[in-house]
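Beneath this line is the structure, given in structure tokens, with notes to follow.
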Amino acid sequence: MIHLSQAAISEIGRLQLKQQSNALLRLTIKQGGCSGWFYDMSFDETVKTDDRVFNSSGIKVVIDDESFNYVNGLALDYSEDLMGGGFRFHNPQAIATCGCGNSFSIATSSHV
């Protein structure tokens with residue numbers, strides 16, 4: 001399960017309007033970043049056979065099966081501070097995160 005805060009839902013909706021699209025939000029986990037793994041978010045028009053789809057207040061989030069193993073229980077928030085706005089990831093499976101909050105490490109040695 002993936003949880004979106006009201007602030008994240010509002011920002012995703014704003015980005016969809018800006019792109020004049022009602023596309024799905026695709027969340028993928030990729031190897032890299034300063035802690036080993038990082039979150040990649042994009043808009044996508046298609047659902048693939050190995051995707052899981054979650055609906056949160058009208059926002060459809062699509063996650064492939066492999067990435068889902070690393071983000072089950074993830075809470076996605078959006079906030080603004082003096083450095084600007086950004087999405088914040090709160091992943092219960094992460095054992096460490098980097099300062100930017102977009103990169104994390106996990107206890108398993110499996111690869112996506």
Side-chain angles (χ1 to χ4, degrees):
M1 174 72 54
I2 303 299
H3 307 280
L4 301 180
S5 71
Q6 190 57 50
I9 291 167
S10 295
E11 181 62 12
I12 293 164
R14 186 189 72 77
L15 293 171
Q16 286 174 323
L17 284 174
K18 186 176 179 181
Q19 293 187 354
Q20 298 179 343
S21 170
N22 197 21
L24 309 162
L25 175 68
R26 180 169 294 280
L27 176 62
T28 307
I29 303 306
K30 296 183 177 180
Q31 215 169 359
C34 27
S35 293
W37 301 94
F38 69 95
Y39 304 99
D40 182 51
M41 292 176 28
S42 61
F43 288 112
D44 196 346
E45 298 287 336
T46 59
V47 176
K48 299 172 185 151
T49 55
D50 70 334
D51 285 341
R52 296 184 187 211
V53 180
F54 301 92
N55 190 337
S56 183
S57 298
I59 302 293
K60 290 186 180 171
V61 181
V62 179
I63 305 170
D64 65 88
D65 246 358
E66 287 186 51
S67 294
F68 182 75
N69 293 327
Y70 298 97
V71 297
N72 188 14
L74 177 81
L76 180 61
D77 191 15
Y78 180 84
S79 64
E80 294 194 27
D81 56 27
L82 294 175
M83 299 301 289
F87 288 98
R88 311 290 186 238
F89 301 89
H90 306 283
N91 188 344
Q93 296 188 51
I95 59 170
T97 58
C98 69
C100 71
N102 292 333
S103 180
F104 66 99
S105 59
I106 50 178
T108 181
S109 61
S110 299
H111 297 290
V112 171

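The first residue in the sequence is number 1, and the count goes up from there.
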Heavy-atom pair with the smallest gap, counting every atom of [X] and [Y]:
X: Pro92; Y: Gly73; result: CD-O, 3.4 Å
X: Phe43; Y: Gln19; result: CD1-OE1, 3.2 Å
X: Phe89; Y: Met41; result: CZ-SD, 3.5 Å
X: Arg52; Y: Phe68; result: NH1-CE2, 2.9 Å

Which residues pass the side chain to side chain contact (heavy atoms under 4.5 Å, CB included) test with Asn69, sequence neighbours left out? none
Checking Leu24 now: which residues fulfil side chain to side chain contact (heavy atoms under 4.5 Å, CB included) with it, not counting sequence neighbours? Val47, Lys60, Val62
Start with the C-alpha gap between Leu74 and Ile63, add the side-chain angles, then the distance that decides, and say whether side-chain contact (heavy atoms from CB on, under 4.5 Å) holds. CA-CA 12 Å; Leu74 177 81; Ile63 305 170; over 6 Å; no
If the threshold is 4.0 Å, N to carboxylate O, is there a salt bridge linking Lys48 and Asp64? no
Ion pair present between Arg88 and Asp77, side-chain N to carboxylate O less than 4.0 angstrom? no
From [atom1] ([X]) to [atom2] ([Y]), nearest 0.5 Å:
X: Phe38; Y: Gln31; atom1: CZ; atom2: CD; answer: 9.5 Å
X: Ile2; Y: Leu76; atom1: CD1; atom2: CG; answer: 8.5 Å
X: Ser42; Y: Leu27; atom1: OG; atom2: CG; answer: 9.0 Å

For Tyr70 and Asn91, test the side chains for any donor-to-acceptor distance below 3.5 angstrom and give the result as yes or no. no
Under 3.5 Å: donor-acceptor pair, side chain of Arg26, backbone of Thr46: yes
Return yes if some donor-acceptor pair links the side-chain N/O of Gln93 with the main-chain N/O of Asn72 below 3.5 Å, else return no. yes
Any chance you could lay out the side-chain contact (heavy atoms from CB on, under 4.5 Å) test for Leu4 and Phe54, step after step, and finish with the verdict? CA-CA 10 Å; Leu4 301 180; Phe54 301 92; over 6 Å; no
Which one of Asp40, Asp50, Thr28, Asp51 satisfies the side-chain contact (heavy atoms from CB on, under 4.5 Å) criterion with Ser67? Thr28
Indicate every side-chain donor-acceptor pair of residues 8-17 with a distance under 3.5 Å to a residue at least two apart or in another chain.
residue: Ser10; atom: OG; partner: Gln6; partner atom: O; Å: 3.1
residue: Glu11; atom: OE1; partner: Arg14; partner atom: NE; Å: 3.0
residue: Glu11; atom: OE2; partner: Arg14; partner atom: NE; Å: 3.4
residue: Glu11; atom: OE2; partner: Arg14; partner atom: NH2; Å: 2.7
residue: Gln16; atom: NE2; partner: Ala23; partner atom: O; Å: 2.7

